[in-house]
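Below, chain A is the first sequence line, B the second, and so on; all start at residue 1.
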Number of protein chains: 4
Amino acid sequence: MEKIKLGIVGLGRLGRKHAENIAFRIPNAELTAVCSIIEAEVEDAVNAWGIPYGYTDFNEMLKNDALDGIAIASSSTEHCKQIEAALDAGFHVFSEKPLGVNLEECKIAEKAVERHPDKVFFLGFMRRYDESYAYAKKKIEAGDIGKPFLIRCYGLDPVKAVQGAIAFAEKSGGLFLDMAIHDIDLARWYLGSEAKSIYAIGGCYAYPEFEKYNDADNGAALMQFENGTMAMLYAGRTCAHGYHIETEIVGTEGSLRIGTTPQKNLVTLFNENGAIKESVGGFLERFEQAYINEVQAFVDCIVENRKPDVTVYDGTKSTKIAYAAKESFENNKLVVLE
Amino acid sequence: MEKIKLGIVGLGRLGRKHAENIAFRIPNAELTAVCSIIEAEVEDAVNAWGIPYGYTDFNEMLKNDALDGIAIASSSTEHCKQIEAALDAGFHVFSEKPLGVNLEECKIAEKAVERHPDKVFFLGFMRRYDESYAYAKKKIEAGDIGKPFLIRCYGLDPVKAVQGAIAFAEKSGGLFLDMAIHDIDLARWYLGSEAKSIYAIGGCYAYPEFEKYNDADNGAALMQFENGTMAMLYAGRTCAHGYHIETEIVGTEGSLRIGTTPQKNLVTLFNENGAIKESVGGFLERFEQAYINEVQAFVDCIVENRKPDVTVYDGTKSTKIAYAAKESFENNKLVVLE
Amino acid sequence: MEKIKLGIVGLGRLGRKHAENIAFRIPNAELTAVCSIIEAEVEDAVNAWGIPYGYTDFNEMLKNDALDGIAIASSSTEHCKQIEAALDAGFHVFSEKPLGVNLEECKIAEKAVERHPDKVFFLGFMRRYDESYAYAKKKIEAGDIGKPFLIRCYGLDPVKAVQGAIAFAEKSGGLFLDMAIHDIDLARWYLGSEAKSIYAIGGCYAYPEFEKYNDADNGAALMQFENGTMAMLYAGRTCAHGYHIETEIVGTEGSLRIGTTPQKNLVTLFNENGAIKESVGGFLERFEQAYINEVQAFVDCIVENRKPDVTVYDGTKSTKIAYAAKESFENNKLVVLE
Amino acid sequence: MEKIKLGIVGLGRLGRKHAENIAFRIPNAELTAVCSIIEAEVEDAVNAWGIPYGYTDFNEMLKNDALDGIAIASSSTEHCKQIEAALDAGFHVFSEKPLGVNLEECKIAEKAVERHPDKVFFLGFMRRYDESYAYAKKKIEAGDIGKPFLIRCYGLDPVKAVQGAIAFAEKSGGLFLDMAIHDIDLARWYLGSEAKSIYAIGGCYAYPEFEKYNDADNGAALMQFENGTMAMLYAGRTCAHGYHIETEIVGTEGSLRIGTTPQKNLVTLFNENGAIKESVGGFLERFEQAYINEVQAFVDCIVENRKPDVTVYDGTKSTKIAYAAKESFENNKLVVLE
């Protein structure tokens, strides 16, 4: 079996999970190099997993001829320039979302991708690779709910992660950019159209700490798409029961709900409180397999010389809409997208 | 609208509920008389609801020509003799379950019913009149699950009622007679056959107080029917989450479950424990409408000169099976019914 | 027991149900008079239920001294003038929603109510009297979800009723007035604040017949309230699975969902399609008990000389918001309420 | 990272899945050899995955010094002698369930394990390694349901697999040996006690083809354990909705249900039939991760020089109980275990 040799940059929580998946759970991939500006993370990975190459300088990793592709799981602000550098250095590229933190950056990434039509560029909207989301997509394509015309998306982080979000608030780009970007991608994907207008509201209902960043702890948006369809988004950082990612697609002949109860597993506990389904705790738990599946899909694209369904433009468009949501929220007005 | 005039005997918790239902929720019935050996209960009902006649002596009530029928909600030990007396006095009769506390008594009731073929005798297996149970019966009759061959019945009382059960243990007849009788009726009803054999086990897992009555706080039984079908019964007195009545009927082409989650209402609470459906608290809450429906059915039988689907023999047969379960449990042996 | 004597106007589907409930399911009420412009409906009710008085002229009914109160279940366009006439004639008044079809009418009703401070005026927002909705309210008041800051309301009619909706489209006032009015009331009730702004969108996704009325078959709205809280509304006329009324209230410490699965009853069917919960078919089925409870509450207010929680102003405010939604949808703009 | 080198025997449906898992999903394992009496299966695996060694003779594989352990996924009739041979040849051994098809064989395996106390012997009761089953075990050990006293186990194969079961009926050992063995293991595991008595019934309700093998298409059993606790088992081959593995453990302070709705994924479909959760199709789908986890646990035991929780005696005991169930069913009598 041909094995694709990958290097990864970024060894934070998600980066380390990606590294582990590449090393051990993607049959036709090898983790050949790891890179982080934090030397201890590099040493740790190299030693623990026997990785041949370790770097603290991203550009040094790009000089490694042994590699076929680069996986980017660094800070969001690094994504676009690393995408450009890796593509220009001749590598296939997988990048975590978001594509970039502003539209100018996204355009740089788009141009780099266009310069290298022979390379695979893969953007990590992992939900599309989650078993349930993919199943819903198939159902829709099979016509099981008729023509979809409304999507409702919940993206709620557990309240126990809120202090981290407060600490990160200055850099996060705000609730809609930070949290709703996956839902925006799902809305475009399932509705098959581009956003036409968006109206967003929100507030600091539990954590006034977000106010000084002109941000919200919970917010909602209503969008209309060019084909007339609708999206309702709810993003929040204070979910008491855990990590709640729920999506509903309503069509003319039926509807689909994904993750209505964010169940941890198949256990129901009955006690004096009633019948209880415990919740999943966070994104690594909920999307454990999806994170494997997406990198597998990236590697398969390389092996089979195919392009992924998600494109660099999907990244730009979602970012654009998230910015429109931010603008709408900050100015309390309806924003029409060009 | 012709109104059927009823007298009721027994004004305990369930008796009072029946009285109230007859007085106010059965359009074509009137509560004309109430009877209880506890004078205060009689006075209370007469005054609160303006009931014309109040009695502390059941035989006195039977002399009242104004009445069309008698509803019996007294102690189980009184049922059979009151059934006989009321029928012989020329009244239609509704009796709470169980028909009788032993088979000899049941035979007395059977004979009384046979002596008065022109009278309606109605046995209060109210579950048959619950919307969900009745719906399941219709589904089965429509062939939606093919041929039913297995029934699983849970009858669990809330643990908060256990002290009452302990206090009553001496008179209750034991777990299977006291609690499984409804499930035995359901098994016969849904499977359409008579019990052939039963094996029952149980124990005092939480409340050793039941041991001195040779009784169990929780028990299970496995039955086979004459047509080869099966029943699994679980009766318990220590349910932590509330009153849990669950029934499953498995057929050759599908299955039905009734009450899998014993939900209190349509509310789900999400909090730090997860997604919670609170449980219904007791039989008056779970079967509130069924208690109305069954008395309505009794009254409609009188008005329309029909006989109910439940017969006096259903009462005898269920009692017989419950005794067989008790015998099996007490002697740890398989009991074959004649 | 003192019995309140009521006359009802309107004997259509809901009117007849109210009449039946008053006649048979409200212990301390009597249905003393019925009124409809359709003579056959009057005759039918009088004969079937033995109602003393029947009218085809509403003003004639108001001359009947035997009556204590009037229940109004006529066409929406009649509500306000009948409310005024009945109050001025000295009766307590129960009126079905909506209060009026425009704000001028609502003001007339408000003035009439203000002129008769000794009379009970009760507006039929029956959902507040549904067991599950009332339970959720209690939970919120008990602080179980912290401070509520978001409500999501679904009000979906079954697609099998869509032809009736098309036939009625000219008079209905449009999707938001016709369908979202209950949800608007719930939003105000649960969030405890008044609407500040609303943005509504929609379309004719399945039934272009609504286009000529400038109406939508499905629509959504996003609202902000004076206290900063949010509401997401989705109203639709094409629900494939039945009548779907779902409400979620999200608070700072938890959330509540009511009716997430619009289950018909407690039965789950397992067959080759999977595990299936069938849906409730329509409003009379879903809110059967709530329709009884609200009239019971009206009657109890009369008996106990109390005022109901729902006021005439709740009716005006909900209508005002529904009009704002309509305006927003028709002009695709954010509407700020004064 | 040290990698354990494994050889596998048996490349049927489950064997091939194990092989694939060892090759690609167990980071610290390598699939070094494959063996099957069907040469094409060997060639296929060797070529597709680049496995160094391929055998059609099990004894030849045992001569391979490069191997650390052997995984046995051959026909049930081969298990015990292959276990013995592999242990005697100096290998760690993983064996699929059942340990053996009769008690004599099981004893041979027990002796072999006892002869090699330094070797890891791992029996593939994979459910114990399923996330939900393991979670339930932890909950119980944490005291969340008090003292467990009743377990209910459903093991239902999809009806679409019934023709295969009929073809295999002669060799399968019958419903209880073939299907209930996992549930018997779970009962012992969760209840922490040994079986004392068992009563089993069943029938050919849909497929009379099983009759000539003195077998049943559906059967049920009731067991009592030495500590007085109870188990209700239901095994079936005709499940209309798919593969239904459900387990409930009832304790003195609560209960746990695993897999009540055998949902395929997190999608709910709403259409004209209602709210539908589709079912999982078969054991490879339901226990996909558990099959990985158990082999991972086997490899970790080797690496860490530990013994697994499941022992060879667990295999013997479950087989013994399954035989008692078979005996009870065939003779319609209560069987007391020694």
Side-chain angles (χ1 to χ4, degrees), chain A residues 1-3 20-21 23-29 47-51 130-139 144-146 245-251 253-278 280 285-286 288-289 292 296, chain D residues 1-3 20-21 23-29 47-51 130-140 144-146 245-251 253-273 275-278 280 285-286 288-289 292 296:
Chain A
M1 182 184 288
E2 187 191 358
K3 291 215 178 190
E20 208 185 309
N21 287 340
F24 304 120
R25 295 184 191 94
I26 314 287
N28 53 350
N47 294 335
W49 302 330
I51 307 303
D130 172 69
E131 181 192 356
S132 298
Y133 280 96
Y135 191 77
K137 181 69 171 173
K138 263 189 232 155
K139 285 273 187 199
D144 286 16
I145 63 164
I245 303 301
E246 178 181 356
T247 308
E248 178 179 9
I249 309 108
V250 184
E253 293 170 29
S255 57
L256 290 164
R257 292 194 180 191
I258 305 152
T260 292
T261 303
Q263 60 187 45
K264 189 179 193 61
N265 50 39
L266 298 178
V267 177
T268 307
L269 170 65
F270 292 76
N271 67 17
E272 65 280 9
N273 294 318
I276 305 168
K277 285 188 192 291
E278 294 182 40
V280 77
E285 186 181 352
R286 170 64 183 86
E288 186 173 21
Q289 189 63 41
I292 299 173
Q296 181 67 69
Chain D
M1 184 185 288
E2 185 191 0
K3 291 214 178 191
E20 208 184 309
N21 288 339
F24 305 119
R25 296 185 190 93
I26 313 287
N28 53 348
N47 295 334
W49 302 330
I51 307 303
D130 172 70
E131 181 193 355
S132 297
Y133 280 95
Y135 191 77
K137 182 70 172 171
K138 261 187 232 155
K139 286 274 188 197
I140 292 168
D144 286 15
I145 62 164
I245 303 301
E246 178 180 356
T247 307
E248 177 178 9
I249 308 107
V250 184
E253 292 169 32
S255 57
L256 290 163
R257 292 194 180 192
I258 306 151
T260 292
T261 303
Q263 60 187 43
K264 189 179 194 61
N265 51 38
L266 298 178
V267 177
T268 308
L269 170 65
F270 292 76
N271 65 18
E272 64 279 9
N273 295 319
I276 305 169
K277 286 189 192 289
E278 296 183 38
V280 77
E285 186 181 350
R286 170 63 184 87
E288 186 173 19
Q289 190 62 43
I292 299 173
Q296 181 68 68

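- The shortest non-hydrogen separation linking A:A136 to A:L256 is O-CD1, 3.7 Å.
- Across A:T268, A:N265, A:T261, a single residue satisfies side chain to side chain donor-acceptor pair (under 3.5 Å) together with A:K277, and that is A:T268.
- Only the side chain of A:I145 has a heavy atom closer than 4.5 Å to any heavy atom of chain D.
- Most heavy-atom pairs under 4.5 Å with chain D, from the set A:A275, A:G254, A:S132: that is A:S132.
- Summarising the geometry, atom CG belonging to A:N21 is positioned 8.0 Å from atom CD belonging to A:E288; distances are rounded to the nearest 0.5 Å.
- Taking OG1 of A:T260 as the reference point, atom CD of A:E248 lies at 7.0 Å (rounded to 0.5 Å).
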A:Q296/A:N28 under side-chain contact (heavy atoms from CB on, under 4.5 Å): CA gap, chis, key distance, verdict: CA-CA 8 Å; A:Q296 181 67 69; A:N28 53 350; 2.9 Å; yes
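- Counting only heavy atoms from C-beta outward, the side chains of D:R286 and D:P262 never approach each other to under 4.5 Å.
- Per-residue counts of heavy-atom pairs under 4.5 Å with chain D were compared for A:E253, A:R25, A:K264; the largest is that of A:K264.
- Only the side chain of A:Q263 has a heavy atom closer than 4.5 Å to any heavy atom of chain D.
- Looking at A:K139, only its side chain comes within 4.5 Å of chain D, counting heavy atoms on both sides.
- In terms of heavy-atom pairs under 4.5 Å with chain D, the best-connected choice from A:N271, A:V267, A:I258 is A:V267.
- At a 4.5 Å heavy-atom cutoff, the contact between A:E278 and chain D is made by side-chain atoms alone.
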